[in-house]
Undergrad: 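I'd like to ask some things about the structure below.
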Amino acid sequence: MKFSKICVLGLGYIGLPTAGTFATNGVQVVGVDIDLRVVETLRHGEIHIHEPGLRTVVEAAVQSGKLRVETRPEEADAFIIAVPTPFYEDRTGDYNGEAYKLADMRAVTSAAESLVPHLRKGNLVVLESTSPPRTTIDLIVPILEKSGLQAGTDFHLAYSPERVLPGQILRELVDNARVIGGITPESAQAGHDLYAIFVRGEIVTTDATTAEMVKLMENTYRDVNIAIANEFARLADRFGVNVWEAIDLANRHPRVKILSPGPGVGGHCISVDPWFFVETAPDLTLLIYSSRQVNDSQPHYVLELVQRALGSLKGKKIAALGLAYKPDVDDLRESPAVEMVHLLQDAGAIVKAYEPFKAEAGLPGVDARPTLEDALADVDAAILLVNHSGLRGLTPEKLKSLTTARVLIDTVNGWADRDWASAGFKLYRLGVGDKSDSLIR
Ligand code: SAJ
């Protein structure tokens with residue numbers, strides 16, 4: 001199948017790089033977003049998200065005239081839906097008294113509905129948004145068939161999960177293997193032809209529901225493995241062992257690859273996607289559910305660590321370093337670091353925060369300071385919440401020149417292997433019990 005014009009719905013972390021990449025590969029692209037601010041920003045040649053290399057790609061795409069940004073879809077050869085699928089904040093499901101989160105599919109539903117008037121015979125529609133199993137068949141087909149056309153006969157329909165890592169999106173978009181799940185083999189083949197325009201990784205075709213499940217399995221696998229790392233940190237703490245050293249040693253086994261503990265799991269994927277399995281099959285997802293519980297409770301565990309270090313937090317002044325959901329990105333969505341700030345405040349602390357990738361964090365209830373100096377001035381303690389390269393590189397000398405704090409808390413193993421004691425600091429680390437402190441030093 002030939003594609004000279006495509007329409008990408010949703011210009012966020014996935015849609016925008018995808019639209020830009022198709023455009024720089026010679027395809028006429030109409031990027032659609034319902035948020036007028038996003039549309040205006042992009043039309044002015046600016047971008048609204050931080051992702052290395054993205055500005056250059058979007059600029060080139062807009063300047064060449066290949067990428068146009070609109071608020072509504074229009075006729076095209078193919079449509080890609082890349083809108084968010086968060087979960088509902090205000091309602092949950094119930095399984096034997098345990099609450100589970102429910103996917104909010106409203107953005108996908110309205111994106112699909114907006115296509116109906118523009119759908120033509122021979123078109124291809126691809127859903128990229130992470131979705132509960134069977135969404136393509138059970139939700140998208142009936143909506144698109146309101147056009148009077150039949151899915152799989154008159155138009156092609158496929159599900160293709162995005163698998164790119166924030167911070168590496170542009171490279172991974174091109175180099176990662178792509179899974180295309182068609183509702184028919186012809187639909188899968190059409191999806192294959194579309195992504196072959198720029199994908200250099202392997203393109204593998206399957207059916208739509210398998211492709212949906214593959215995506216959820218990938219992120220659930222990671223969530224479960226981070227949960228076990230977090231549980232190991234708690235155990236190491238209890239037994240007076242340094243979990244970071246123990247993980248490093250265990251990972252020398254040829255078939256073991258333990259991930260890193262931390263203050264919790266954030267972002268809009270890994271902390272969300274496992275719920276899509278739980279929601280659709282609560283009777284089969286005991287392990288997945290427990291892992292979510294472990295990771296969601298990790299900020300509370302870190303709070304206990306802070307209380308062990310500082311005693312009562314009432315009136316204590318704390319600098320919280322890093323607010324993003326993971327290192328070297330500016331994304332604050334579902335960030336455990338932000339949750340930590342709120343938990344510290346709830347326990348009575350006065351918290352100044354600093355996020356190097358988003359100085360104007362603008363979060364309600366968070367006192368975000370524009371500079372590290374400002375955040376660190378006149379505090380009792382500093383807590384490292386995100387392993388940003390700029391923050392983990394701080395030396396005892398540098399920190400001493402910036403702060404009156406003498407207690408440091410490291411939740412991400414960013415400040416290991418430095419002589420903090422000689423500089424007058426007491427360093428507490430997640431997953432490093434007091435006993436192991438004395439053994440190591
Ligand atoms: N985290 C840990 N310990 C670790 C690794 C991560 O606590 O060892 C935390 C991070 O700090 C962060 C969260 O987990 O809060 C998620 O970060 P991540 O880097 O694991 O993943 P995401 O959410 O940025 O991107 C994931 C990726 N999926 C997998 O690696 C299986 C990416 O490929 C997906 O495209 C993306 O989800 C998505 O959009 O679904």
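We count ligands from 1, going down the list as the structure has it; atoms in each ligand are counted the same way.
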Undergrad: Looking only at protein heavy atoms, which one is nearest to atom 21 (O) of ligand 1, and how far off is it?
TA: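 Nearest protein contact, heavy atoms only, for atom 21 (O) of ligand 1 is I270 CD1, 3.5 Å.
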Undergrad: Mind checking the CZ-OG spacing from F276 to S131? Nearest 0.5 Å is all I need.
TA: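 Output value for this atom pair is 6.5 Å.
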Undergrad: Where is the nearest protein heavy atom to atom 19 (O) of ligand 1: which residue, which atom, and how far?
TA: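 I find the closest protein heavy atom is K326 NZ, 3.0 Å.
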Undergrad: Here's a test for you: under salt bridge (charged side-chain N to carboxylate O under 4.0 Å, His left out), which of E172, E128, E218 qualifies with R163?
TA: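 Exactly one option meets the salt bridge (charged side-chain N to carboxylate O under 4.0 Å, His left out) with R163, and it is E218.
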Undergrad: Go through ligand 1 atom by atom and flag the ones less than 4.0 Å from a non-hydrogen atom of P166.
TA: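 With P166 as reference, the close atoms of ligand 1 come out as 24 (O), 25 (O).
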Undergrad: Give the residue and atom name of whichever protein heavy atom lies nearest to atom 1 (N) of ligand 1, and the separation in Å to one decimal.
TA: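 Protein heavy atom at minimum distance: I226 CD1, 3.5 Å.
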Undergrad: Please write down residue, atom name and distance for the protein heavy atom closest to atom 33 (O) of ligand 1.
TA: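 For atom 33 (O) of ligand 1, the nearest protein heavy atom comes out as R163 O, 2.7 Å.
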Undergrad: Would you mind listing which atoms of ligand 1 come within a distance below 4.0 Å of any non-hydrogen atom of E218?
TA: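 Those qualifying, in numeric order: 31 (C).
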Undergrad: Identify the closest protein heavy atom to atom 40 (O) of ligand 1: which residue and atom is it, and at what distance?
TA: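 Nearest protein contact, heavy atoms only, for atom 40 (O) of ligand 1 is K215 NZ, 2.5 Å.
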Undergrad: What residue and heavy atom of the protein are closest to atom 5 (C) of ligand 1, and at what distance?
TA: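 Going atom by atom, the protein heavy atom closest to atom 5 (C) of ligand 1 ends up being R222 NH2, 3.5 Å.
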Undergrad: Begin with the C-alpha distance, continue with both residues' side-chain angles, and end with the deciding distance and a verdict on salt bridge (Lys or Arg N to Asp or Glu O under 4.0 Å) for E70 and R43.
TA: CA-CA 9 Å; E70 301 293 343; R43 281 181 178 164; 3.3 Å; yes
Undergrad: Should G267 be listed as contacting ligand 1, given a heavy-atom distance under 4.0 Å as the test?
TA: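 Heavy atoms of G267 never come under 4.0 Å of ligand 1.
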Undergrad: Do ligand 1 and Y325 have nitrogen or oxygen atoms that lie under 3.5 Å from each other?
TA: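 Yes, at least one N or O pair falls under 3.5 Å.
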Undergrad: Output the list of atoms in ligand 1 that are nearer than 4.0 Å to some heavy atom of V164, sorted by atom number.
TA: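 Listed by number with element, the hits are 32 (C), 33 (O), 34 (C), 35 (O), 36 (C).
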Undergrad: Verify the neighbour count for atom CG of L286: are there more than 12 heavy atoms of other residues, nucleotides or ligands below 6.0 Å?
TA: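 Not more than 12 within 6.0 Å, no.
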Undergrad: Could you check whether R234 makes a cation-pi contact with Y301, meaning its NZ or CZ is under 6.0 Å from the centre of the six-membered ring and within 45° of the ring axis?
TA: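 Judged by the rule (NZ or CZ under 6.0 Å from the ring centre, within 45° of its axis), R234 counts as positioned above Y301.
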Undergrad: Does an N or O from N219, backbone or side chain, lie closer than 3.5 Å to an N or O of ligand 1?
TA: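 N219 vs ligand 1: N/O contact under 3.5 Å present.
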Undergrad: Which residue and non-hydrogen atom of the protein lie closest to atom 38 (C) of ligand 1, and at what distance in Å?
TA: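 Result: C269 SG, 2.8 Å.
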Undergrad: Does an N or O anywhere in L259 fall below 3.5 Å from an N or O of ligand 1?
TA: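 Looking only at distances, the answer is no, because the N/O contact criterion of under 3.5 Å is not met.
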Undergrad: Rounded to the nearest 0.5 Å, what separates atom CG in L376 from atom CZ in R369?
TA: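 Here the rounded value is 11.0 Å.
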Undergrad: Tell me if the aromatic rings of F198 and F22 count as close, with their centers under 6.0 Å from one another.
TA: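 Yes - the distance between ring centres of F198 and F22 falls below the 6.0 Å cut-off.
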Undergrad: So which protein heavy atom does atom 4 (C) of ligand 1 come closest to, and at what separation?
TA: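 Here the nearest protein heavy atom works out to S260 O, 3.5 Å.
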Undergrad: Under 3.5 Å, side-chain donor or acceptor atoms of residues 88-95 against the rest of the protein: list the pairs with distances, not counting sequence neighbours.
TA:
residue: Y88; atom: OH; partner: R91; partner atom: NH2; Å: 3.2

Undergrad: Can you tell me how far apart CG (L287) and CG (L284) are? Round to the nearest 0.5 Å.
TA: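 Going from the CG atom of L287 to the CG atom of L284 covers 12.5 Å.
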Undergrad: Assign the ring pair F425 / W420 to parallel, tilted or perpendicular, where the plane angle (0 to 90°) is split at 30° and 60°.
TA: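 F425 vs W420 ring planes: perpendicular.
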